[in-house]
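Written below as structure tokens is the structure these notes are about.
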2 protein chains.
Amino acid sequence: MKHPAGSVWQRPERAARGPAPEYSRARIAAAAVAVADAEGLAAVSMRRVAAEIGAAPASLYRYVTSRDDLIDLMADATSAEFDLSRPATGEWLDDLIRLGHQIRGIHERHRWLADLTPDKVIPGPRTLDVLEYSLSLLADLDAPAQAKMEAIVMLGAVITIFVRNQPAGTDSTQADAQRRAAGAGYLATVLAKGEHRHLAVAVTAMAAAGAASAGQDEAQKRSAAEDRLLRRVLSGLLGQ
Amino acid sequence: MKHPAGSVWQRPERAARGPAPEYSRARIAAAAVAVADAEGLAAVSMRRVAAEIGAAPASLYRYVTSRDDLIDLMADATSAEFDLSRPATGEWLDDLIRLGHQIRGIHERHRWLADLTPDKVIPGPRTLDVLEYSLSLLADLDAPAQAKMEAIVMLGAVITIFVRNQPAGTDSTQADAQRRAAGAGYLATVLAKGEHRHLAVAVTAMAAAGAASAGQDEAQKRSAAEDRLLRRVLSGLLGQ
DNA sequence: ACTCTTTGCGAACACTGTATCCAGTACCGT
DNA sequence: ACGGTACTGGATACAGTGTTCGCAAAGAGT
């Protein structure tokens with residue numbers, strides 16, 4: 001066999017025989033996360049991460065069978081930032097919203113998470129713990145297990161949308177910002193032609209709302225609006 | 001200036017002077033879409049698309065300034081497949097669901113659409129037409145324009161999730177399927193350890209539902225379940 | 001007919017992920 | 001104690017990738 005089968009998580013981190021590894025998955029993942037936080041997911045190349053920890057590029061493949069594996073490691077590393085200690089309060093919607101706030105915080109710390117395709121990442125142990133915790137918040141709710149799962153997936157998806165539509169603190173990559181601006185420019189020229197009546201009013205409405213939330217405590221208003229939207233979606237999915 | 005500024009859509013397709021272009025954006029986009037349909041988005045490289053239309057790799061850059069531009073072209077090309085002729089019926093929820101069915105159909109024909117990051121693609125003219133049409137379906141509904149926009153974005157996002165969680169007809173790439181299987185394997189070993197009670201019941205429930213929809217007319221049931229979920233989400237967002 | 005702009009393209013650059021091979025090392029079973 | 005074994009880190013190489021540059025040819029406008 002060429003590669004030891006299965007995901008990163010099934011392979012033992014340390015081999016039975018042979019010299020002690022010089023690095024570790026955790027250290028590699030941390031380095032990769034740091035690079036992604038600072039320069040975006042595209043900057044996370046095997047060579048870059050290897051250089052960051054002082055290793056040769058090919059050495060990483062002793063810890064990881066592919067770049068996808070590395071990204072699995074990164075994703076699970078962020079899942080470790082959840083606080084899963086707070087038990088269910090009995091108000092499942094509030095609990096879910098609170099969980100949403102955690103997700104949002106983590107997404108803001110690691111904006112590259114929004115670039116991941118959720119179902120291409122193999123969930124690691126910490127991610128599965130988060131999933132278990134999320135479901136535990138809904139344990140007392142009388143709903144089919146499938147609906148609960150859907151609601152949790154939805155929670156993540158909606159928050160991803162929130163984060164994406166939020167102007168990045170330090171604007172992602174310069175090229176990305178340029179593309180965004182180009183898109184806005186084209187939209188303006190199309191709207192100026194006068195067709196697209198409904199789109200025009202929607203765009204101006206959204207622009208007004210965006211300008212309103214430019215202030216600092218206006219960010220709270222935006223957050224409140226997001227909470228309201230989340231409540232609607234979740235209670236639409238799970239509510240009676 | 002190095003590059004003519006702005007998105008693909010603002011630049012004129014044909015230059016005023018000089019020889020007539022040998023190819024066209026439409027033809028390039030069509031070739032790229034064909035490649036993506038058959039072999040996935042990763043197979044869409046400049047060299048590949050160029051070869052497909054019988055051009056040299058560097059020639060594509062006369063029509064497109066980057067691969068991102070090419071993908072903009074591809075995305076907008078799929079938007080042309082919408083039927084925007086059917087006017088609003090007065091039942092906005094039904095109209096939205098019908099629109100959802102169109103989205104779903106297009107996503108099934110072009111599974112790579114699920115790999116796109118929606119807000120990194122600059123919407124082209126056809127996509128803006130679809131947006132205008134979508135909003136027109138909600139014209140008579142008394143709701144803030146922003147909420148309507150959110151609902152439409154949500155509609156697309158939910159359907160993307162549907163499509164992703166659907167076993168691909170001809171399974172995407174072989175490597176992708178292998179990773180999926182690896183993930184399932186790891187999940188099984190974790191669940192076997194006995195912790196993750198809630199996750200265990202959820203997973204078995206989803207597996208049972210998945211097995212049930214293996215049959216042919218059982219696919220209709222799944223579709224019905226999706227419609228129900230969509231209705232809940234949308235009426236949760238826009239309903240009174 | 002002449003000029004200019006634009007086209008198509010060969011070649012090259014700076015990357016990327018990854019496989020292969022090799023020397024050295026530390027454990028295991030004897 | 002000591003092979004043999006299984007591992008480690010790494011140098012090198014390969015097949016791709018997106019993209020740029022410079023240049024010959026060719027069509028449109030004057």
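Side chains are part of it too, since the values below use all heavy atoms of this structure and drop only hydrogens, waters and symmetry mates. Each chain gets a letter, A, B and so on, in the order its sequence line appears, and its residues count up from 1. Not measured: the values here are computed from a predicted model.
Whole-Å rounding puts the B:Tyr23 OH to C:dT6 C1' distance at 15 Å. Here C:dT16 presents its C1' atom at 13 Å from CD1 of A:Ile71, a figure rounded to the nearest Å. Following rounding to the nearest Å, B:Glu13 (CD) and C:dT6 (C1') show an atom-to-atom distance of 14 Å. Here C:dT16 presents its P atom at 16 Å from CG of A:Asp68, a figure rounded to the nearest Å. Whole-Å rounding puts the A:Leu60 CG to D:dG10 C1' distance at 11 Å. Put simply, CE on B:Met46 is 19 Å from C1' on D:dA15, counting in whole angstrom units. One atom, CD1 of A:Ile28, and another, P of C:dG17, lie 14 Å apart when rounded to the nearest Å. Between the CZ atom of B:Arg11 and the P atom of C:dT6 there is a distance of 14 Å, rounded to whole Å.
Counting only distance, with no hydrogens or angles, the side chain of A:Gln102 and the backbone of A:Asp83 share a donor-acceptor pair below 3.5 Å. Side chain of B:Ser59 to backbone of B:Ala55: no donor-acceptor contact under 3.5 angstrom is found.
Here B:Ser45 lies in heavy-atom contact (under 4.0 Å) with sugar-phosphate atoms only. Residue B:Tyr61 is in base contact, counting any heavy-atom pair closer than 4.0 Å across all strands shown. Residue contacts shown for A:Val64 are absent, as no nucleic acid heavy atom lies under 4.0 Å away. In this structure, A:Ala58 reaches the bases: a heavy-atom distance under 4.0 Å links it to at least one base atom across the strands shown.
Residue order along DNA chain C, read from the 5' end via each residue's closest nucleotide, puts B:Ala16 first among B:Ala55 and B:Ala16. Nearer to the 5' terminus of DNA chain D, by closest-nucleotide assignment, is the contact made by A:Arg14 (compared with the other of B:Arg14 and A:Arg14).
For B:Arg62 against C:dG8, a side-chain N or O and a base N or O form a donor-acceptor pair under 3.5 Å. For B:Arg17 and D:dG27, a side-chain-to-base donor-acceptor distance below 3.5 Å is absent, hydrogens and geometry of angles not being considered. For C:dG17, its base sits under 3.5 Å from the side chain of A:Arg47 at one donor and acceptor pair at least.
Listed nucleotides: C:dG24, C:dT16, D:dA11. Nearest to the side chain of A:Pro19: C:dG24. Considering only the side chain of B:Pro21, C:dT7 comes nearest among C:dT7, D:dT8, D:dA28. Listed nucleotides: D:dG9, C:dC9, D:dT19. Nearest to the side chain of A:Tyr63: D:dG9.
Residue A:Arg109 holds its CZ atom at 9.5 Å from CG of A:Asp37, rounded to the nearest 0.5 Å. Between atom CG of residue B:Leu137 and atom NE2 of residue A:His198 there is a gap of 9.0 Å, rounded to the nearest 0.5 Å.
Applying side-chain contact (heavy atoms from CB on, under 4.5 Å) to B:Pro21 and the options B:Arg14, B:Glu13, B:Arg27, B:Arg62 leaves one that passes, B:Arg14.
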